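Structure first, then comments.
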Amino acid sequence: MPEGHSIRRLALAFSEWFVGHACDTSSPQGRFALGAARLNGMTMVDAQSVGKHLFLEFGSGDRAGAETTRAPLWLHVHLGLYGSWRFYGSPGTSVTPSIGAPRLPDVLASDSDMHEDAGGDAFEMVRLASEVGPRSNEGIRLSEDFGIDNGHWSPPPPRGAVRLRIVTETVAADLTGPTQCEVLDAAGVEVVLGRLGPDPLDDESPAERLRSEFVGRVRGSRRPVGELVMDQSVVAGVGNIYRAEGLFRGGISPFRRGNNVSEKRLRSLWDDFVVLLDDGVRRGNIYTVIPDWHSAEIVVEDDEAEKWFVYKRDGKPCLVCGTPVRTRVMQGRNLFWCPSCQR
DNA sequence: AACTTATGACTAA
DNA sequence: TAGTCCTAAGTTG
């Protein structure tokens, strides 16, 4: 799950449920004890995502007794391949169960629940999720889990290796398995941001500036475009699924060198990344086989609606031309492509 | 119980 | 390119 769309959903979740609230922070696992102690008692004042990076800003609380002004601090989290956040809410509070690594029990539970809500049809489930509105957490699955401690709410004991737990009076978040989890000052945040290229989910910068920056960075390199779109300094937030699917939808061979892909195709590829990531934020899932993709007839081999054109479809017929989808490791990750559709 | 896999990214060679 | 780190679930024996 954790490509750019998931991290944006996390930022939205924290904005909705934690920002404006004093936070108790701890490290049940112990590996982030010092960092958690630095943030403890501060108020979360902002939540942002850039690419696959999450930044939670903490400022001085308005708690009684907190009279000394503390300089703002940022919690910087990168989930890596299998990090995830799990959320809990007090009775009556609506929070999403978890966001991050796939196949957590809560994720499976929420999937099957959505299934029922949508009448047991997988495609319907996705359509419903996409209708909740742009870049919003409205309508996502809700869960309640809690313990009662001395009359007031508290989250249940941590499950697994919880690096960081953030608790407010009504909600809690547990972080497990991040590849990065650190406390930064403003200068530290700038260092991280300085390494990142344009983010398709960036809705504050002018679209044309982002697009031309992406095109310029790709065209300025002789590396294969399949490597370039996984490079976070070329485009921030694209991961292995968006790489495979974006290049397929653009008809671009992942082996073509960046400087050898036309400006026109790269501009379209950028625009498609924007569509795809934006859609991912709304669905909470990557789903690239959508009927309005383009005019080509989409052949579906069985009754089950396909989620992806090529990702993890090694050896299966291409949904557009029937040629077997191929796979090969590129950038240390499994790359999937259609040798016929992508040139 | 051991092994494999994962939507990431770094370092050493 | 190979090895490393973070974790949990599924598969195999």
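Here the structure is a predicted model, which means the values were calculated and not measured. Chain letters run A, B, ... following the sequence lines, proteins first and then strands; every chain starts at 1.
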Taken to the nearest whole Å, CZ/A:R223 to C1'/C:dT1 is 14 Å

Can you tell me the distance, in whole Å, between the CG atom of A:L79 and the P atom of B:dA6? 18 Å

Using the P atoms only, state how far C:dG13 lies from B:dT5, rounded to an integer number of Å. 13 Å

Minimum heavy-atom separation for A:Q342 and A:P254, please, with both atom names. NE2-CD, 3.8 Å

What interatomic distance, in whole Å, is found between P of C:dA8 and the corresponding atom of B:dC10? 23 Å

So side chain to side chain donor-acceptor pair (under 3.5 Å) across residues 217-230 of chain A, not counting sequence neighbours, yields A:E213-A:R217, A:R223-A:E227, A:R223-A:D231, A:E227-A:Q331

Could you tell me which non-hydrogen atom of A:N240 sits nearest to which non-hydrogen atom of A:M230, and how far apart they are? N-SD, 3.6 Å

Find the distance A:R163:CZ to C:dC5:P and express it as a whole number of Å. 13 Å

For atom CD of A:E182 and atom P of C:dC5, their distance in whole Å: 19 Å

Using a cut-off of 4.0 Å on non-hydrogen atoms, how would the nucleic acid contact of A:N334 be classed: base, sugar-phosphate, or nothing? sugar-phosphate

For residues 163-184 of chain A, which residue pairs pass the ring pair (Phe, Tyr, Trp, His ring centres under 6.0 Å) check, not counting sequence neighbours? none

List, with names and distances, any nitrogen or oxygen atoms from the protein found under 3.5 Å away from nitrogen or oxygen atoms belonging to nucleotides 2-4 of chain B.
none

Under the ring-ring contact (aromatic ring centres under 6.0 Å, His included) test against A:F248, which residue among A:Y311, A:Y242, A:W293, A:W337 passes? A:W293

For A:T25 against A:L39, the heavy-atom pair lying closest together: OG1-C, 3.5 Å

Spacing between A:D314 atom CG and B:dA6 atom C1', to the nearest angstrom: 16 Å

For the residue pair A:M330 and A:P224, what are the closest heavy atoms and their distance? CE-CB, 4.0 Å

Scan side-chain atoms only and decide if A:R165 and A:S26 contain a donor-acceptor pair under the 3.5 Å cut-off. no

Report the nucleotide, chosen from C:dC5, C:dA8, B:dA6, that has the shortest atom-to-atom distance to any side-chain atom of A:L81. B:dA6

How many Å lie between CD on A:Q29 and C1' on C:dA8, as a whole number? 13 Å

Sorted by number, the residues of residues 242-252 of chain A with heavy-atom contact under 4.0 Å to DNA chain B: none

Kindly indicate, with the supporting measurements, whether the criterion side-chain contact (heavy atoms from CB on, under 4.5 Å) is fulfilled by A:L75 and A:F32. CA-CA 11 Å; A:L75 175 72; A:F32 191 57; 3.8 Å; yes

Using the P atom as the reference point in each nucleotide, state the distance between B:dT4 and C:dT4 in Å, no decimals. 15 Å

Report the distance from atom CG of A:D174 to atom P of C:dA8, rounded to the nearest whole Å. 11 Å

Specify the closest pair of heavy atoms between A:D24 and A:N40, including all atoms of both residues, with the distance to one decimal. CA-OD1, 3.2 Å

Mind listing the N/O atom pairs, protein and nucleotides 9-13 of chain B, below 3.5 Å?
| from | atom 1 | to | atom 2 | distance (Å) |
| --- | --- | --- | --- | --- |
| B:dA9 | OP1 | A:H78 | NE2 | 3.2 |
| B:dA9 | OP2 | A:K52 | NZ | 3.0 |

Just how far, in rounded Å, is P of B:dT7 from CG of A:L276? 16 Å

Given the side-chain rings of A:F14 and A:F87, with only the six-membered ring counted for Trp, is the space between their centroids under 6.0 Å? yes

Set of side-chain contact (heavy atoms from CB on, under 4.5 Å) partners for A:T170, sequence neighbours left out: A:S90, A:T93, A:T168

